[in-house]
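A short worksheet on the structure shown next.
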Amino acid sequence: MNKPAAPKDKSQHKFWKTQPVPEYDEVSKVKESGPIEHKMLEDVRKTPYELHKDFKWCEIDLDGPELNELHDLLNQNYVEDIDSTLRFAYSHAFLRWALHPPGWKPEWLLGVRASESNRLVAFIAATPTTLIVRGETIKSVEINFLCIHKKLRSKRLAPLLIKEITRRVNLHDIWQALHTSGTIIPTPVSTCRYYHRPLNWTKLYSVGFSSLPPGSTVAKMEVAYSLPTSIAVEGFRPFAPQDVDQVHQHLNSYLARFDLSIQFSREEIVHFFVPDAEDSDDRVVWSYVIENDSNITEFVSFYKLPSTVLVKDAPDDEVNASYSFYSFSTAAINESEIDRNELQTRLKGLFTAALIESKRKGFDVFNAMSLHDNSLFLEELKFGPGDGFLNYYVFNYRTPKIHGGITDDHELDKNSRSGVGVVML
Ligand SMILES: CCCCCCCCCCCCCC(=O)SCCNC(=O)CCNC(=O)[C@H](O)C(C)(C)COP(=O)(O)OP(=O)(O)OC[C@H]1O[C@@H](n2cnc3c(N)ncnc32)[C@H](O)[C@@H]1OP(=O)(O)O
């Protein structure tokens with residue numbers, strides 16, 4: 001298992017030591033939460049940061065051919081797993097869905113082009129969100145898709161992208177940002193672990209994602225990960241437009257229980273969960289509810305994010321993965337009345353149904369993290385711990401460390417639930 005690397009001292013981070021982020025040892029000592037730096041709108045620089053003359057800033061218009069340029073930049077240069085065997089392969093539809101939520105701004109889809117060739121060589125995105133940290137509501141952004149072309153790495157371009165997106169966000173009177181990364185910089189507020197539930201074990205084995213335990217066989221592993229062919233939970237059905245109000249209300253109540261979370265507007269519920277396509281290669285998100293007597297009691301959603309297989313001569317070039325997105329059970333909402341056994345039973349039923357649907361849609365693996373109340377079902381539903389960890393950061397905010405659903409030994413913590421409610425794409 002690859003444990004997260006031991007961090008350096010913040011002072012060794014040439015760029016991050018200049019930014020309003022906590023010291024490494026601060027989150028374990030701090031008692032109060034709040035912004036680190038208070039700036040005024042008039043203090044914000046009015047002009048873009050200067051780039052080297054070989055480069056220029058640009059905004060990426062996702063409604064035209066630039067979408068394809070961004071797609072190619074990310075698919076060739078974005079995040080790879082620890083041993084470089086897989087790389088995220090975002091679809092065009094995914095990028096539009098992720099980067100055009102309600103309230104998106106053209107100037108927050110920030111690119112860098114080579115001055116001479118006009119080629120897109122780097123990108124960073126901000127999208128608006130309503131963050132809640134320990135009950136405090138903060139108008140904020142999510143920062144994602146920071147990517148620099150492989151040939152331009154280690155040239156200190158990332159700090160410029162980060163400073164310029166900060167400036168563009170600050171100009172909207174927004175001073176905090178949520179971001180995640182597999183790498184450690186100053187300073188994670190929480191760390192969650194990835195868990196993987198094989199749906200097509202043989203395929204995962206053939207591309208090197210899964211390994212055969214000693215004494216087992218491919219056939220035995222297929223049986224071990226087989227799923228019922230029909231869904232046993234009564235009232236389970238696809239999420240439909242008429243469910244928006246109930247899901248909006250329950251999901252926000254569910255998410256408000258967590259120390260680090262977000263709140264959705266009604267428009268965001270529609271954007272993120274009502275699919276705009278029937279099943280097709282272009283579909284990005286699937287959402288379902290459990291309805292009893294016209295009341296929605298549970299909700300589950302997952303999105304499609306394949307990875308390109310980078311191993312030479314592998315029999316397949318893609319792993320088709322679904323990722324657990326937002327979900328809730330109303331059994332968890334009223335904190336004083338939570339019956340853990342009841343909640344566990346409901347979540348197991350809900351996620352077994354999600355796994356069956358995922359398998360029916362042709363996914364090879366279902367991924368989830370040690371967040372929400374997931375520790376109540378991950379092991380029972382045969383999710384295995386992954387090598388990957390995801391660190392959560394809140395820019396310009398300090399707050400005591402938030403539980404990421406794993407113990408100090410990085411094992412799933414089944415005794416206390418995670419404090420993380422937000423799921424980053
Ligand atoms: C209020 C609004 C605020 C808005 C902003 C909030 C903050 C947002 C922060 C960004 C959230 C992004 C969320 C995502 O998208 S996370 C996904 C990040 N992307 C990838 O992993 C894709 C593959 N990798 C790359 O494209 C490059 O390696 C990247 C672009 C990551 C770095 O490029 P490069 O390798 O060529 O490095 P450099 O020489 O230019 O720069 C080196 C400096 O950059 C610091 N670095 C490296 N990686 C990261 C990272 N993932 N978050 C923050 N900082 C990072 C590094 O510690 C060093 O600083 P320091 O250690 O010396 O101090």
Side-chain angles (χ1 to χ4, degrees), residues 4-5 7-24 35-39 41 43-45 49 51-52 55 70 73-82 84 86-90 95 98-99 105 107-112 120-129 131 138-189 305 307-308 310 388-397 422 424-425:
K8 300 185 274 186
D9 193 67
K10 184 183 165 188
S11 64
Q12 290 176 271
H13 290 273
K14 202 167 140 210
F15 167 64
W16 281 106
K17 74 175 179 195
T18 67
Q19 298 300 300
V21 294
E23 298 286 340
Y24 279 128
I36 294 171
E37 171 185 273
H38 292 273
K39 268 202 316 198
L41 216 44
D43 300 331
V44 182
R45 194 186 152 115
Y49 283 89
L51 284 172
H52 184 276
F55 302 104
L70 177 61
L73 174 74
L74 294 174
N75 284 24
Q76 286 153 26
N77 301 280
Y78 199 53
V79 178
E80 296 175 6
D81 67 344
I82 286 163
S84 297
L86 295 168
R87 183 164 60 227
F88 285 145
Y90 293 99
L95 293 173
L99 295 174
K105 311 246 177 297
E107 68 271 28
W108 288 356
L109 303 182
L110 176 63
V112 173
L120 182 68
V121 293
F123 182 73
I124 191 167
T127 48
T129 195
L131 187 64
I138 305 165
K139 193 174 152 199
S140 182
V141 290
E142 290 183 9
I143 303 286
N144 211 339
F145 300 106
L146 168 61
C147 182
I148 294 175
H149 193 286
K150 288 191 169 189
K151 293 213 167 113
L152 293 173
R153 296 275 168 90
S154 305
K155 295 184 188 302
R156 313 300 300 181
L157 196 48
L160 270 172
L161 280 155
I162 294 168
K163 285 200 287 187
E164 180 58 16
I165 199 77
T166 303
R167 190 187 73 79
R168 290 169 182 232
V169 170
N170 285 166
L171 284 173
H172 290 267
D173 202 14
I174 295 175
W175 310 94
Q176 272 73 38
L178 176 71
H179 57 101
T180 51
S181 167
T183 50
I184 296 189
I185 50 167
T187 292
V189 65
L305 174 49
S307 279
T308 306
L310 304 173
F389 293 85
L390 193 65
N391 301 295
Y392 283 72
Y393 302 91
V394 184
F395 182 85
N396 191 21
Y397 204 80
V422 59
M424 292 283 282
L425 294 174

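Remember, it's 1-based here, ligands and their atoms both numbered in the order they're listed. We use all heavy atoms of the structure for the numbers below, so side chains are in, but hydrogens, waters and symmetry mates are not. Positions are given from 1, in the same order as the sequence printed here.
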Can you tell me how far [atom2] of [Y] sits from [atom1] of [X], rounded to the nearest 0.5 angstrom?
X: F123; Y: L73; atom1: CZ; atom2: CG; value: 8.5 Å
X: N170; Y: Q176; atom1: CG; atom2: CD; value: 9.5 Å
X: L305; Y: Y90; atom1: CG; atom2: OH; value: 5.0 Å
X: L131; Y: I138; atom1: CG; atom2: CD1; value: 5.0 Å
X: T166; Y: I174; atom1: OG1; atom2: CD1; value: 12.0 Å
X: W108; Y: I143; atom1: CH2; atom2: CD1; value: 8.5 Å

Could you list the atoms of ligand 1 found under 4.0 angstrom from a heavy atom of [X]?
X: F15; value: 59 (O), 60 (P), 62 (O), 63 (O)
X: A158; value: 32 (C), 33 (O), 38 (P), 40 (O), 41 (O), 44 (O)
X: C147; value: 26 (O)
X: S154; value: 34 (P), 36 (O), 39 (O)
X: K14; value: 60 (P), 62 (O), 63 (O)
X: L157; value: 40 (O)
X: I185; value: 52 (N), 53 (C), 54 (N), 57 (O)
X: W175; value: 1 (C)

- Result of checking T308, L74, V79 against F88 for side chain to side chain contact (heavy atoms under 4.5 Å, CB included):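 The single option meeting the side chain to side chain contact (heavy atoms under 4.5 Å, CB included) with F88 is V79.
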* Asked: How are the rings of H179 and Y393 set to each other: parallel, tilted or perpendicular (split at 30° and 60°)?
  ->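 Rings of H179 and Y393: parallel, as their planes differ by under 30°.
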*Without swapping roles, check the side chain of T180 against the backbone of Y392 for a donor-acceptor pair under 3.5 Å.*
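Side chain of T180 to backbone of Y392: no pair is present.
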**Message:** Test your reading of the model: is there a side-chain donor-acceptor pair from R87 to the backbone of N75, 3.5 Å cut-off?
**Reply:**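 Answer holds: yes.
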**Asked** Within less than 4.0 angstrom of ligand 1, does V79 place any heavy atom?
**Response**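 Within the 4.0 Å threshold, so yes.
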Which residue from [options] reaches closest to [atom] through any of its heavy atoms?
atom: atom 43 (C) of ligand 1; options: S140, P20, A177, P159; result: P159
atom: atom 61 (O) of ligand 1; options: R156, Q19, H13, E80; result: H13
atom: atom 4 (C) of ligand 1; options: L73, I124, L178, I143; result: I143
atom: atom 30 (C) of ligand 1; options: L146, T180, L74, I184; result: L146
atom: atom 5 (C) of ligand 1; options: V21, V141, T166; result: T166

Residue portion contacting ligand 1 (non-hydrogen atoms closer than 4.0 Å) for [X]:
X: F395; answer: side chain
X: V169; answer: side chain
X: Y393; answer: neither
X: Q176; answer: backbone
X: L161; answer: neither

Is the number of heavy atoms from other residues, nucleotides or ligands within 6.0 Å of NZ (K150) greater than 12?
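For K150, atom NZ is crowded (more than 12 foreign heavy atoms under 6.0 Å).
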(Q) Side chain or backbone, does R153 bring an N or O within less than 3.5 Å of an N or O on ligand 1? (A)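 By distance alone, the answer is yes.
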| Shortest non-hydrogen contact from P20 to I36? |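 Residues P20 and I36, closest heavy atoms: O-CD1, 3.6 Å.
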